[in-house]
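Chain letters run A, B, ... following the sequence lines, proteins first and then strands; every chain starts at 1.
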2 protein chains.
Amino acid sequence: MSTPERLIESTRELLWERGYVGTSPKAIQQHAGAGQGSMYHHFSGKPDLALAAIRRTAEEMRATAEAVLGGDGSAYERVAAYLLRERDVLRGCPVGRLTMDPDVIASETLRAPVTETLEWLRERLAGIVQEGLDQGEFTPALDADEIASTIVATVQGGYVLARSTGSPAAFDAGVRGLLALLAPHRAG
Amino acid sequence: MSTPERLIESTRELLWERGYVGTSPKAIQQHAGAGQGSMYHHFSGKPDLALAAIRRTAEEMRATAEAVLGGDGSAYERVAAYLLRERDVLRGCPVGRLTMDPDVIASETLRAPVTETLEWLRERLAGIVQEGLDQGEFTPALDADEIASTIVATVQGGYVLARSTGSPAAFDAGVRGLLALLAPHRAG
DNA sequence: GTCTATAGTTGGATAGAC
DNA sequence: GTCTATCCAACTATAGAC
């Protein structure tokens with residue numbers, strides 16, 4: 001892997017684990033096995049490198065979600081597949097965790113990929129729920145946009161619960177609860 | 001307010017806004033209008049002060065939740081009251097946000113109040129849902145513990161969505177979605 | 001109890017040699 | 001492209017005067 005590649009990948013790991021505020025250029029360099037001069041040759045500084053890392057992580061998250069959401073099956077089945085897909089629960093969401101990072105939120109540039117990714121996910125899910133409504137799969141009492149928000153929130157909040165206890169159990173429970181609530185709305 | 005009081009309150013504010021990693025002793029002192037010597041006289045250091053702040057925040061969160069959850073009304077009504085209670089959505093949850101703080105999670109001592117508070121909330125809600133189940137208010141298809149996890153996760157994740165967009169709208173949508181899903185399970 | 005002085009470490013970055 | 005040297009501010013804390 002090239003040096004810029006290694007720097008980006010190292011930054012992705014550290015941002016995931018320690019957040020933007022908790023990640024220093026020095027730590028990135030050491031993790032990447034690159035010197036100071038090398039890092040500042042390829043990137044203008046910490047924000048520049050972080051932006052590259054965040055963009056890639058966001059892209060990857062979209063691709064991972066799309067792989068499940070764009071699959072076969074009914075709306076409910078695709079939502080269930082998304083909720084039940086394998087996750088590194090205790091590490092949390094590498095995109096969602098950035099919303100708790102004050103410096104990321106304060107920077108228009110760094111926040112943009114975060115906003116866009118979570119909004120994309122919300123809308124993608126809303127589209128699927130709407131499909132289910134249109135085809136009579138769900139009872140019409142539901143609002144697609146609201147349900148999509150609930151789904152994303154349950155996942156993001158599930159990470160919080162899991163990390164607080166140090167066990168994925170609460171995440172799984174939250175997901176099962178949501179699926180149980182959603183199930184009886186199925187008409188087909 | 002006494003100096004220790006001001007230091008604790010300032011730490012609470014800063015932990016909420018910037019997290020543990022992003023909060024320096026110096027910032028706390030300035031916010032509290034206290035000198036270095038003063039702070040180190042009353043507290044052994046940053047972790048000690050943070051612990052006092054976190055404990056108080058955790059206590060307050062419990063009291064706020066209990067005020068709503070211990071009120072009158074059916075199980076559904078109390079859950080709805082909890083979900084719909086007024087919140088400073090964009091600031092997020094002062095307890096939940098700490099789960100994304102690597103140094104808090106790494107410290108048994110600092111993490112304990114976080115774990116305990118979120119577990120208490122989960123169990124408190126589970127008790128209410130179970131009450132609803134026992135009294136035939138909800139259809140027996142539901143598992144109290146799972147639903148409680150879903151409720152807490154929706155709230156915690158709602159903060160993530162709100163902060164990512166800079167607007168409380170997504171939080172509100174997630175909550176309404178959850179209530180819509182829960183409603184038809186009501187027998188009474 | 002509070003203040004100032006001091007100190008070692010890290011954060012984040014620049015300069016210039018190679 | 002990479003390395004070393006250098007820089008200044010901030011972080012976290014201790015020491016000792018008042």
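Residue pairs meeting the ring-ring contact (aromatic ring centres under 6.0 Å, His included) criterion with at least one member in residues 150-179 of chain B, sequence neighbours excluded: B:Tyr159-B:Phe171.
In this model, a donor atom of one side chain and an acceptor atom of the other lie less than 3.5 Å apart for A:Arg12 and A:Thr57.
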Contact letters for nucleotides 3-18 of chain C, in which S counts primed atoms plus P, OP1 and OP2 and B counts the base, heavy atoms under 4.0 Å: BB------SSBB----
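The side chain to side chain donor-acceptor pair (under 3.5 Å) test applied to A:Thr117 returns no partner, not counting sequence neighbours.
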For the pair A:Gln156 and B:Gln156, evaluate side-chain contact (heavy atoms from CB on, under 4.5 Å) and give the outcome as yes or no after the intermediate values. CA-CA 7 Å; A:Gln156 292 293 325; B:Gln156 293 293 326; over 6 Å; no
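Ion pair B:Glu116/B:Arg111 not flagged as a salt bridge, since none of the NZ, NE, NH1 or NH2 atoms sits closer than 4.0 Å to an Asp/Glu carboxylate oxygen.
Atom CD of residue A:Gln130 and atom CD1 of residue A:Ile147 lie 11.5 Å apart, to the nearest 0.5 angstrom.
Close to C:dT2, at under 4.0 Å from its OP1 or OP2, lies a side-chain N or O of B:Thr3.
Across the protein-nucleic acid pair, B:Phe43 atom CZ and D:dT14 atom P stand 15 Å apart, rounded to whole Å. Look at NE2 on B:His41: it is 7 Å from P on C:dT2, rounded to the nearest Å. In this structure, CG of B:Leu49 is placed 13 Å from C1' of D:dT12, rounded to the nearest angstrom. Following rounding to the nearest Å, B:Asp48 (CG) and D:dA13 (P) show an atom-to-atom distance of 10 Å.
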